[in-house]
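In this text the structure is predicted, and so the values were computed from the model without any measurement.
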Amino acid sequence: MTSARPMEHSNQTSTVEFFIMGFSNYPQHQSIFFAAFVLIYLLAMSGNLFIIVVIYSDTHLHTPMYFFLVNLALLDICFSSSIIPNILAILLSETKSMSYWSCMTQMFLLSATLGSELLLVTVMAFDRYVAICRPLHYAVIMSRPVNLSLAAAVWWLGILNSFLDVGLVTTLSFRKKTILEHIFCEIPAVSKAAVSDTYAIDRATMVADIFLGMICFVLIFITYAYILSSIVNIRSSASKKKAICTCASHLLVVNLLYGTTIYTYILPSMGLKANNNKVVSALYAVVCPVFNPMIYSLRNQDVIQASHKIWSRIVPSFRK
């Protein structure tokens, strides 16, 4: 009997289809949604690739802060690519359906990149703390081996968390035709649509939310309390302005990412009902990858100057 149950579950999953109904209420606006998501995807890809190219091209930007910013840009590219192409395919599809394993794959990639990004912004806050509060020890504490180890830990912890959570989702049972009132496959929406007991996945999601969400958010809050107290004591107005500018950019990203993630994942796990999940999910899954490079490029003088250098080299080459 025990050997038959995995076989039965495997046969069931091969016939399950998920119907993504997030846009079904607006059938007359499908072409507008399609054009909007194409534009957003192009902006996200071009903006994050721009950040990577600018940082790679200017040796003055080869510092820990910009190393982590490159990782953020790479995560945003993976984030957008795990969601938007599938949304475009759903918009073009008449049935709005996804296969079981396509849904699981999208959920795994989304969860891995989101978890890694939450950890990364915490590491970036620690980097700013060392740079501002312990500047004389910055080169030693944030050495290249440490940076590489932190980046590797961020990526692998995100992947491990996603592997565990999505692995639990695959043990759930679904109807052969499962309707998702969402715009993509996401753990809260998919587990809600299951017909079997979701206790294990709910508890695992809560643990992950507490660690990746609340604990990391509290650490960032404490870190910035120390940072702000140090900024107040900086005598040079130019240094104070630069410190405030870099911290403000990071805080904007943190507020946008954590605010939407807490609303979508943590509130439901605590038994609190969250409305308009589709809108909020679109904010962190679609808007964040577009706004992150804009925030860091438009508010960062080093990035602006580096981009001007690249542009000044490109323009004469076209004139020739």
Is there side-chain contact between I141 and Y129, with at least one heavy-atom pair below 4.5 Å?
no

Honestly curious: do V53 and F67 fall in one hydrophobic cluster under the side-chain, below-4.5 Å linking rule?
no

Going by side-chain hydrogen bond (donor to acceptor under 3.5 Å, both in side chains), name the pairs with one or both residues in residues 142-159, residues two or more places apart or in two chains.
N71-W155

Is a side-chain N or O of S116 found less than 3.5 angstrom from the main chain of V154, in a donor-acceptor match?
yes

With a 4.5 Å limit on heavy-atom distance, are the side chains of H137 and V130 in contact?
no

Please tell me whether Y56 and V70 are part of a single hydrophobic cluster in this structure, the criterion being side-chain heavy atoms less than 4.5 Å apart.
no

Specify the closest pair of heavy atoms between A204 and L168, including all atoms of both residues, with the distance to one decimal.
CB-CD1, 3.4 Å

Any disulfide bond (SG atoms under 2.5 Å apart) involving residues 165-210? Give me the pairs, sequence neighbours left out, ordered by first then second residue.
C103-C185

Could you give the distance from CE (M104) to OG1 (T170), rounded to the nearest 0.5 Å?
7.5 Å

Identify the heavy atoms of N48 and A44 that sit nearest to each other, and give their distance.
ND2-O, 2.7 Å

Under the salt bridge (Lys or Arg N to Asp or Glu O under 4.0 Å) rule, what pairs show up with a residue in residues 21-47, not counting sequence neighbours?
none

Under the salt bridge (charged side-chain N to carboxylate O under 4.0 Å, His left out) rule, collect the residues that match up with D58, sequence neighbours excluded.
K309

Pairwise distance CG(L118) to CD1(I215) - rounded to 0.5 angstrom
12.5 Å

Any link between V166 and W101 through a network of hydrophobic side chains (Ile, Leu, Val, Met, Phe, Trp, Tyr) touching at under 4.5 Å?
yes

Just by modelled atom types, is the S102 backbone N or O under 3.5 Å from a matching donor or acceptor in the S99 side chain?
yes

According to side-chain contact (heavy atoms from CB on, under 4.5 Å), who are the partners of F163, at least two apart in sequence or on a separate chain?
F108

By the salt bridge (Lys or Arg N to Asp or Glu O under 4.0 Å) test, which pairs, at least two apart or in different chains, include something from residues 18-28?
none

Flag if over 12 foreign heavy atoms under 6.0 Å of NE2, H62
yes

Less than 4.5 Å apart, any side-chain heavy atom of V190 and any of L180?
yes

Distance, nearest 0.5 Å, that separates CD1 of I159 from CG of L164:
12.0 Å

Residues G158 and L119: closest non-hydrogen pair is N-CD1, 4.3 Å

Check A193 against I179 and note the closest heavy-atom contact, atom names and distance.
CB-O, 4.1 Å

Hey, could you give me the CZ/CD1 distance between F50 and I55, rounded to the nearest 0.5 Å?
9.5 Å

With sequence neighbours left out, the residues meeting ring pair (Phe, Tyr, Trp, His ring centres under 6.0 Å) with F33 are F23

Which residue pairs satisfy the ring-ring contact (aromatic ring centres under 6.0 Å, His included) criterion with at least one member in residues 225-249, sequence neighbours excluded?
none

Over all atoms of both residues, closest heavy-atom pair of L74 and I52:
CD2-CD1, 3.6 Å

Please list all pairs passing the disulfide bond (SG atoms under 2.5 Å apart) test where one or both residues lie in residues 105-166, with sequence neighbours left out.
none

Pair D76, E117 - check side chain to side chain contact (heavy atoms under 4.5 Å, CB included), show working.
CA-CA 8 Å; D76 280 337; E117 195 156 327; 3.0 Å; yes

Check whether any side-chain heavy atom of M142 lies under 4.5 Å from a side-chain heavy atom of L150, and answer yes or no.
yes

Under the 3.5 angstrom rule, does the side chain of T113 hit a backbone N or O of L110 as a donor-acceptor pair?
yes

Heavy-atom nearest pair, P289 first then P293, reads O-CD, 3.1 Å

Can you name the residues that form a ring pair (Phe, Tyr, Trp, His ring centres under 6.0 Å) with F68, not counting sequence neighbours?
none

Any chance you could measure I183, atom CD1, to I20, atom CD1, to the nearest 0.5 Å?
10.0 Å

Do L61 and L49 share a hydrophobic cluster (ILVMFWY, side-chain heavy atoms under 4.5 Å, transitive)?
yes

Verify same cluster id: F221, L228 (apolar side-chain graph, 4.5 Å):
no

What's the spacing between T223 OG1 and D127 CG if we round to 0.5 Å?
11.0 Å

Counterpart residues, ring pair (Phe, Tyr, Trp, His ring centres under 6.0 Å), relative to Y224 (two or more places apart)
H250

Would you list the atom pairs, donor with acceptor, under 3.5 Å between side chains in residues 81-95 and any protein atom, with sequence neighbours excluded?
from : atom 1 : to   : atom 2 : distance (Å)
S81  : OG     : Y41  : OH     : 2.9
S81  : OG     : I77  : O      : 2.8
S82  : OG     : C78  : O      : 3.4
S82  : OG     : F79  : O      : 2.7
N86  : OD1    : Q106 : NE2    : 3.4
S93  : OG     : T95  : N      : 3.2
S93  : OG     : T95  : OG1    : 3.2
S93  : OG     : K96  : N      : 3.0
T95  : OG1    : S97  : OG     : 3.0

Is the shortest heavy-atom distance from the side chain of K192 to the side chain of T198 under 4.5 Å?
no

